[in-house]
Amino acid sequence: MAGQRYLHLNLVGNEINNHQGALAYERDHGGGPDRQNAYLPISEMGKAAEEGYFTAMFLGDIAGTAGSPAPDGGPPEPITAFAALARETSYLGLIATASCSFYDPYNLARLLASIDQISDGRAGFNAVTSVSDEWAQNYSMEAHLDRITRYKRADEFLDIVTALWEKREVRIDADQIKRFYSEQINHRGDFFQVLGPLNVAPSPQGRPLIAQAGGSGPGIAVAAKHAEMVFTNATTRQQAADYRAELDAALVARGRAAGSVPAIPGLVPYLGKTRAEAEELMRALDENVPYELYAPFALVQFGLDFTFDSIDDPFPLDQIPHPETVKDTIKSTYGNYLGLYNWIAENPGATVRDVTAQSLARGGAQHRKFVGSYDEFVDDLALWHADGQIGGFNLMFPTNVIGVRDFVAEVVPRLIDRGIYRGKPDTRPLRERFAGE
Ligand SMILES: Cc1cc2nc3c(=O)[nH]c(=O)nc-3n(C[C@H](O)[C@H](O)[C@H](O)COP(=O)(O)O)c2cc1C
């Protein structure tokens with residue numbers, strides 16, 4: 001990490017990561033295109049991110065939904081959205097999440113290689129394993145696989161897509177014509193049989209970047225073998241340092257260099273010219289959220305199943321298991337659990353309402369929330385940058401298009417002045433941007 005000069009900023013473009021009161025707020029503040037075409041906000045955000053020299057846009061993937069009727073939210077599938085955004089932008093990286101639990105590797109290798117080709121080498125694959133039984137039931141499974149099996153499948157899955165992508169080459173023939181050759185991989189494993197070759201030509205970066213999100217022991221082991229960047233949920237600088245140490249140990253055990261894979265935590269910024277203005281933004285958004293209805297959801301998503309009399313009662317931290325005791329067994333996302341646990345421990349007296357706000361209502365799931373002025377925010381980012389434990393941030397704005405535009409206008413110039421952010425587009429192929437940091 002020591003050699004890295006600039007922060008990477010990635011924009012997380014999923015509406016689900018906005019504040020839960022954002023739609024009403026945007027309606028009242030003239031922001032946001034018609035949601036019926038949910039690609040339009042992605043397009044506007046992507047173009048704004050490119051103006052702000054972001055390294056990449058990140059789209060999480062919700063591979064199903066639960067209940068019937070299911071709550072609203074119908075974003076386009078990430079790879080499909082990026083096929084359009086690739087032609088509306090010139091250098092923004094396009095990192096699509098897709099689940100190794102639900103796809104077949106040949107299908108996905110082909111789709112992602114196609115985005116890589118369409119974008120001239122800007123595609124990335126955020127390889128996740130997902131957590132939901134309801135989603136799994138859309139993919140011919142009775143229930144989701146247990147964590148160990150999920151990650152074994154993901155490991156084999158990534159072996160296959162990497163082999164398919166890497167067994168391709170470009171040759172210039174005697175007539176000066178570019179021709180593409182690819183080879184069979186003859187894979188026969190525990191989960192998949194894939195002959196190959198892949199039928200999509202390589203992009204200028206050879207193959208898509210592989211990113212990973214999943215912070216349990218088996219998740220880190222898969223990241224250490226395959227990932228070129230990881231999406232984490234450090235809510236404190238200490239947690240970022242602890243994660244860095246754990247990832248580095250796993251990388252070294254795999255024969256890779258410590259620090260060679262940047263860890264990029266999520267971050268939700270509430271900003272204004274002054275701190276009071278930022279607090280007012282949060283208050284105005286909070287006003288749109290029926291907290292009593294949200295509390296049970298917020299707790300269940302962490303596997304926290306207990307009753308409470310009043311939403312303003314203190315949150316009973318002593319009733320939930322310490323993260324270390326559930327690290328490899330919890331069904332939900334370990335990093336979310338850890339982040340939320342740490343947050344509650346660091347905020348004594350936090351009520352059920354506060355925990356609901358932190359974990360669900362205020363956007364970005366359990367990721368760190370920052371509330372303050374533009375200048376305070378730049379100071380905060382500079383501190384994290386100076387620690388050298390993170391490669392940058394995956395930003396999730398409480399409001400959608402409005403938040404990104406405000407950030408690009410107000411914060412980006414301040415970061416450039418501070419010397420911790422590039423003042424021009426990074427035009428290298430995506431994989432090179434994250435390499436060796
Ligand atoms: C920051 C972060 C983002 C994630 N994004 C997605 C996603 O978009 N879609 C998905 O199906 N799973 C997503 N996951 C879930 C992981 O792939 C994994 O299934 C889950 O975190 C449980 O494994 P773990 O305990 O090792 O983290 C995400 C996890 C993390 C930590």
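Counting starts at 1 for both ligands and their atoms, following the listed order.
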* Tell me: protein heavy atom nearest atom 27 (O) of ligand 1, and distance? -> G215 N, 2.9 Å
* Part of T97 within contact of ligand 1 (heavy atoms, under 4.0 Å) -> side chain
* Is the closest heavy atom of R147 to ligand 1 under 4.0 Å? -> yes
* Write out the residue and atom name of the closest protein heavy atom to atom 24 (P) of ligand 1, then the distance separating them to 0.1 Å. => Y151 OH, 3.4 Å
* N/O separation below 3.5 Å, A213 to ligand 1 -> yes
* Structure fact -> Restricting to heavy atoms, the pick from V128, I16, T232 nearest atom 6 (C) of ligand 1 would be V128
* Compute the shortest N/O to N/O distance between W135 and ligand 1 and return yes if it is under 3.5 Å, no if not. => no
* Report yes or no: does a heavy atom of Y337 sit under 4.0 Å from some atom of ligand 1? => no
* Structure fact -> Near Y334 (heavy-atom distance under 4.0 Å), the atoms of ligand 1 are 24 (P), 25 (O), 27 (O)
* Asked: What residue and heavy atom of the protein are closest to atom 8 (O) of ligand 1, and at what distance?
  -> D61 N, 2.9 Å
* Asked: With a 4.0 Å heavy-atom cut-off (strictly under), which part of S99 contacts ligand 1: side chain, backbone, both or neither?
  -> neither
* Can you sort out which atoms of ligand 1 are near R150, meaning under 4.0 Å from one of its heavy atoms? => 22 (C)
* Structure fact -> Looking at V131, V222, L59, T129, the heavy atom closest to atom 17 (O) of ligand 1 belongs to T129
* Asked: Only one of R244, Q238, Q239 forms a side chain to side chain donor-acceptor pair (under 3.5 Å) with D242, so which one is it?
  -> Q238
* Asked: Do we see a donor-acceptor contact under 3.5 Å between the side chains of S114 and Q117?
  -> no
* To do: Would you mind listing which atoms of ligand 1 come within a distance below 4.0 Å of any non-hydrogen atom of F231?
  => 1 (C)
* Using ring-ring contact (aromatic ring centres under 6.0 Å, His included) as the criterion, point out the one residue from Y6, F407, Y421, Y91 that pairs with F54. => F407
* Asked: Can the ring centroids of Y270 and F370 be said to lie less than 6.0 angstrom from one another?
  -> no
* Structure fact -> Short version for N233: what comes under 4.0 Å of ligand 1, heavy atoms counted, is side chain
* Of F157, Y103, Y106, which is the lone residue that meets ring-ring contact (aromatic ring centres under 6.0 Å, His included) with F192? -> F157
* Asked: Should you measure from each heavy atom of G60, which atoms of ligand 1 turn up under 4.0 Å away?
  -> 8 (O)
* To do: For ligand 1, find out whether one of its N or O atoms is nearer than 3.5 Å to an N or O atom of S130.
  => yes
* To do: Among D354, T356, D286, N18, find the residue that satisfies the side chain to side chain donor-acceptor pair (under 3.5 Å) test when tested with R362.
  => D286
* Check whether the side chains of N400 and E26 place a donor and an acceptor atom closer than 3.5 Å, and report yes or no. => no
* Asked: H8 pairs by ring-ring contact (aromatic ring centres under 6.0 Å, His included) with which of F58, F434, F393?
  -> F434
* Please step through salt bridge (Lys or Arg N to Asp or Glu O under 4.0 Å) for the pair E51 and R405, ending with a clear verdict. => CA-CA 9 Å; E51 276 171 38; R405 289 203 183 123; over 6 Å; no
* **Pair H226, D155: side-chain N/O donor-acceptor within cut-off below 3.5 Å** => yes
* R422 NZ/CZ over Y53 ring centroid, <6.0 Å and within 45° of normal -> no
* Structure fact -> shortest atom 20 (C) of ligand 1-to-protein heavy-atom contact is with T333 OG1, 3.3 Å
